[in-house]
Structure formats: structure tokens, C-alpha cells
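Counting starts at 1 for both ligands and their atoms, in listed order.
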Amino acid sequence: MQEFLNYIGGERCPARSGAWLETVDPSTGQAWARIPASGAEDVDVAVQAAQRAFDSGAWTGLSSAERAAKLRAWADAVEASAEWLSEVETRDNGRPLRETRFAQIPGAAMQIRYLAGLAENLQGSTVDIRPGAFAYTRWEPVGVTALIIPWNGPLPVFFAKVAASLAAGNAIVVKPAQQATASILEATRLFDELGFPPGLVNVVSGRGSEVGDAIAGHPGIGKISFTGSTATGRSIMQRATVNIKNLLLELGGKSPNIVFADADLDAAVTGVSAGIFTPNAGQACVAGSRVLVDASIYDEFLERLAAHAASIEVGDPMDLSTGMGPIANEAQYETVRSYLRLGREEGARLVTGGHTTEELIKDGSPLRGGFYVDPTLFAVDDNRLRISQEEIFGPVAVALPFNSEEQAIELANDTPFGLAAGLWTKDLRRAHRVTDRLRAGNVWVNTYKAMHWALPFGGHKQSGNGGTANGSTALHEWMDPKAVWMNVG
Ligand code: NAD
């Protein structure tokens, strides 16, 4: 069994308690490696190392051009490591290799380069107050920051957020999800190779209730970027009151994907299917898990969507031809199975899917165990059902009919979440009208899940706290503004 170690102060070390956690390959259900089960004392040592790195000036003392050059060297190294890192990531969380290797890691390298450019272009402003006063603003690093990562996209979140925090001049303590830590611990090797200051980036592996909670309550950390569930976000907010931490919360979703009768239905079938099922079995915060369809095309559309879903190749995520991989871990597999049962109990009509690993193997699938659910579509007529309202985080869509544009908008907005929404129509005026009224941080028209580092990303309502990752202000999320007034008259 392989072993991965914490990365603290530039050193590799086990948890101070000596405790370990097993990490499981979700395509087989077998443990393949162990990672440190760290605790509050490890977090404390990492925060001290980060503070020392920040205070030393080895990073903050560089010019923005020097910092940017170092970040670009890191981006090149990330790109060159795509093959090796993607295999660790896919093994650990089951996201198909064709995405981790060919999309996510190359994309992360591009994003690091974009952030390096922002570091070089950081600007304050002068403000005309009155004669005799010279007033200006400047942006300053927070100091020691932290990043808490979910298991569904460890490396992309790690690269994007660490790069933004470093570009802003901070030091950082990172806590990966205990179900998918190995790839991040591996990726820290690049900091040694490139000679980043020890302690500038630290990674502490362990459970959320221990390492995550200790980070949320640590008085030495000024800022946390958290990506994960709304429930955990709420707990972090409460703990963060200890020193009034600055928080960037990117939380859950139950996003609507609306199909109007005038849409290009071929494109809509493919786009809606990719929005929820592929490549990583609906485990995307922005998954289009509520499919709202004009009643006049409802039956036809569901039939076509079901046929498309049933044609998706479910299998080994290491195989480049696989369309959809497994659920990333056993606990989430159990959660998805419980929603399959709930859907039936709530009277939803199962249109396609609903099978788990055992049933798929019985039906002749070559799976070797693991945590699989095939693409599942429920038809429902009630948006108040729990399967219509709660984030399932698996390859399970619910489809609801609507009778008017007004009703589509009402249904779309009728959940506590507001992360993303999609709509499919050929009518440009309708596209603008509906987009304006959707309460979501990201809206896609005639496409879905299209993301870019230059475009802000964040959630409305209980999907986030209004901050935005990505985009031209991404560095400001990791900095404190300072207003200066000088009397010069
Ligand atoms: P989670 O909230 O269970 O865990 C996320 C991270 O928080 C993990 O590292 C976990 O160990 C840690 N954590 C758990 N309890 C903690 C506590 N009490 N204090 C501090 N940290 C704690 O989420 P998950 O199950 O890993 O990921 C799935 C969720 O993440 C879904 O809700 C999904 O929508 C959301 N997500 C959101 C985005 C976004 O950008 N909005 C992106 C990806 C995932």
C-alpha cells in the first residue's frame, strides 16, 4: 500500500499522533494508500510555518514580476506533470482520466498563468477628495490564508486557489478532503523542485471534523476559501467568528436546466445529459440536476434524454473510452442509493437507470466492484419533493414539466440554492428575459457547465456568500484593501 505524507514547513511528515486513514479506489472499492489522520496540533504547526514564511519576506519581498515568473514556472511544471498527477487523482476519486489528464490539469496550468498576469497588473486608485488631500487605495495580502477542498475536484481547486492566494502575496495552509488527498500531497513535490520558500504552502491531511474544524477556528488564519457542502459552510461560518475571518464560500447546488419547445433538441439532449451525467457521475457543484421541460415536448424529450443516458459507457475511469466513472467514495455511494430509494418512495417515475454496482454486474457489466450508479432519470410533477429540492450529488436527474415561461422561471428559482442554471432556446429575447430573472451565479444559454478562469464564478442564495473566484478580481478575494488619506496642502 502506498503512503503519502503531510507537507508542512517544506518537510514531509506523518501526523503528530501517528494516526492514519485509508484511501480507497472507488472503481474497485479497495484501499490503495494511506494518508495522515492529522489533528489540531498539526494545523497549529502548519499555521506557524506559514506565518514564518510570510514574515520572512522570501515571497512578499519579491517584486510582482518576480512572483509572476515563479508562478509561470509552476504552471509549466504542472502542465508537464499532467500524466503522473492525473493518474493519482483518477485512482483516488474516480473522475475519468480523459478529463483529469486532458482538461483539468492543462486548464489549471492556464489558470495559474492568468493569475500570474493579474499579480503583475494589480492596481489601486487615486480618489479626488478635495484640494490639499491626496487619497489613494492599495491592496495588501492578508498574511496566512487557508483552503478547504471537496473530494469531487481536488487538483483544479488546489491549483486555482493556491495560485490566487500566492499571486496576492499570501502564505497558505491547505486541507484536502480525506476521501481524495493523495494527488494534492503528490503535487506539493513541484514546490520543492522549483525552490518555493518552505512553509509558503502547507498541506495537512485529515478529517473535516478535526483538521477542517481546527482551521476554521484558528486565530492565526485571516482568510478561508471553502468549497464544499452548504451544511459544512454553515459550520465554518460559525467557527470563523473567533477572529472575524474573511470567508469565500462556494457551496452546493440543485441547478435547473430549462428546455423550451423552440430549442435545438439534438443539442439540448446532449447538453442536458452532459450537464448531469458525464464525466464524473453528477458529482459537480453546478450539475444540472433539475431538468425543466416545456410540457408540449416533455414526453418526447424525456424519451430522447433517456436513450442518450442509457448509451453512456459506465466503467473504469482509467480507461480513456469511459463516458462516466464511479461515485467517488462509499459514503457518497450510500447517499446516492438512499435517494434512489427515496425517489421510488416519493412516487417518482423511474424513466431510466437506477442500477447500482451489484445489479450492473449481474446484467453483464465487466465492473470489478466499486461504487457505480448508472445514469438515472426520474419524472416528477412536484417541485416540493425531497428529490426535487435536495442536492443528491450523483448521476440522478429529476425532470419536471412546465406550461409557461413564467412557470419555468418560478420552478427554476424555487430551491434554497442559486449556483447555476441553463436554458435552451432559439429565441434571443427570451434568452435575455429569462437569464435576467434566474437567481443563480452562473447562467448558460444553449450550453452547460462552460467555465473559464477569466469569468467570475460564485453562488447566490445558499450556494455561496457572494464572493467570486476567477475573473479579473480573483486576487482581491485574497487581499485587504487599504484607504490612505494624506494632507499635503
Ligand atoms: P463537504 O462539505 O463534506 O467537505 C468539504 C471539505 O470540508 C472537506 O475537505 C471536508 O473534510 C471539510 N469539512 C468537513 N466538515 C468540516 C468542518 N466541520 N469544518 C471544516 N471543514 C470540514 O463536501 P464534499 O462532500 O467534500 O463535497 C461535495 C459538496 O461540495 C457538494 O455540496 C458540492 O456541491 C460542493 N461543491 C461546491 C463547489 C462550488 O464551487 N460551489 C465546487 C465543488 C463542490
Side-chain angles (χ1 to χ4, degrees), residues 21 23 26 35 37-40 43 92-93 95 104 146-158 160-161 173-181 184 203-218 221 224-240 242 245 247-255 276 280-289 327-336 339 390-394 415-420 440-442 449 451 453 455-470 474 477:
L21 288 167
T23 188
I35 55 172
S38 313
V43 170
D92 214 21
N93 86 340
R95 186 181 275 265
Q104 291 200 318
L147 170 62
I148 302 180
I149 302 180
W151 41 256
N152 65 322
L155 283 177
V157 176
F158 174 75
K161 298 299 178 68
V173 176
V174 180
K175 185 239 173 290
Q178 63 270 28
Q179 303 88 346
T181 292
I184 290 175
V203 181
V204 186
S205 146
R207 294 186 180 84
S209 54
E210 291 167 20
V211 175
D213 186 70
I215 286 175
H218 201 293
I221 294 171
I224 298 179
S225 171
F226 167 74
T227 305
S229 64
T230 298
T232 308
R234 198 171 281 125
S235 147
I236 289 175
M237 267 183 124
Q238 283 162 355
R239 293 282 278 134
V242 62
K245 284 188 185 64
L247 299 178
L248 172 58
L249 302 178
E250 297 177 48
L251 308 176
K254 186 76 175 176
S255 301
I276 175 70
N280 77 322
Q283 300 160 100
C285 51
V286 294
S289 51
I327 306 293
N329 55 72
E330 190 168 9
Q332 185 60 21
Y333 183 52
E334 289 308 324
T335 300
V336 175
Y339 277 105
E390 296 175 15
E391 183 181 46
I392 298 174
F393 219 58
T415 75
F417 299 107
L419 188 57
N442 309 273
K449 268 205 293 199
M451 309 226 263
W453 45 88
L455 204 54
F457 181 84
H460 294 188
K461 293 157 60 184
Q462 291 184 32
S463 291
N465 64 346
T468 53
N470 301 353
E477 285 289 341

Next item on the list: Could you check which of Gln178, Glu250, Gln283 puts a non-hydrogen atom nearest to atom 40 (O) of ligand 1?
Entry: Glu250
Check: Does ligand 1 have a heavy atom under 4.0 Å from the side chain of Ile236, from its backbone, from both, or from neither?
Finding: side chain
Check: Quick one: does ligand 1 sit under 4.0 Å from the side chain of Val157, the backbone, both or neither, non-hydrogen atoms only?
Finding: neither
Notebook entry, point to check: Just heavy atoms, cut-off under 4.0 Å: does Glu391 contact ligand 1 by side chain, backbone, both, or neither?
Noted result: side chain
Next item on the list: Please work out whether any backbone atom (N, CA, C, O) or any side-chain heavy atom from C-beta onward of Leu419 is under 4.0 Å from ligand 1, and answer side chain, backbone, both or neither.
Entry: side chain
Note to self: Taking Ala216's backbone N and O only, do any of them form a donor-acceptor pair with Lys245's side chain (distance below 3.5 Å, no angle check)?
What the structure shows: yes
Notebook entry, point to check: So which heavy atom in the protein is nearest atom 44 (C) of ligand 1, and how far is it from that ligand atom?
Noted result: Asn152 OD1, 3.5 Å
Next item on the list: With heavy atoms under 4.0 Å as the rule, classify the contact between Pro176 and ligand 1 as side chain, backbone, both or neither.
Entry: backbone
Margin query: I'd like to know if the side chain of Thr230 and the backbone of Gln462 have a donor-acceptor N/O pair within less than 3.5 Å.
Written below: yes
Notebook entry, point to check: Between Gly228, Gly208, Ser235, Gly252, which one has a non-hydrogen atom sitting closest to atom 35 (C) of ligand 1?
Noted result: Gly228
Check: Can a non-hydrogen atom of Gly458 be found less than 4.0 Å from any atom of ligand 1?
Finding: no
Next item on the list: Quick one: pull up CG in Leu147 and CZ in Phe158 and give me the separation to the nearest 0.5 Å.
Entry: 8.0 Å
Check: Can you tell me if Asn93 uses its side chain to pair, donor with acceptor, with the backbone of Pro154 under 3.5 Å?
Finding: no
Notebook entry, point to check: Which protein heavy atom lies closest to atom 9 (O) of ligand 1, and at what distance to 0.1 Å?
Noted result: Ile149 O, 2.7 Å
Next item on the list: Taking only heavy atoms of Phe226 into account, list the atoms of ligand 1 that are under 4.0 Å away from them.
Entry: 2 (O), 5 (C), 6 (C), 7 (O)
Check: Among protein heavy atoms, which lies nearest atom 41 (N) of ligand 1, and at what distance?
Finding: Leu251 O, 2.7 Å
Item checked: Protein heavy-atom partner closest to atom 22 (C) of ligand 1 - residue, atom, separation in Å -> Thr232 CG2, 3.4 Å
Next item on the list: Check whether any side-chain heavy atom of Glu477 lies under 4.5 Å from a side-chain heavy atom of Thr468, and answer yes or no.
Entry: yes
Next item on the list: Starting from atom 28 (C) of ligand 1, find the nearest protein heavy-atom neighbour and note its residue, name and distance.
Entry: Phe393 CE2, 3.5 Å
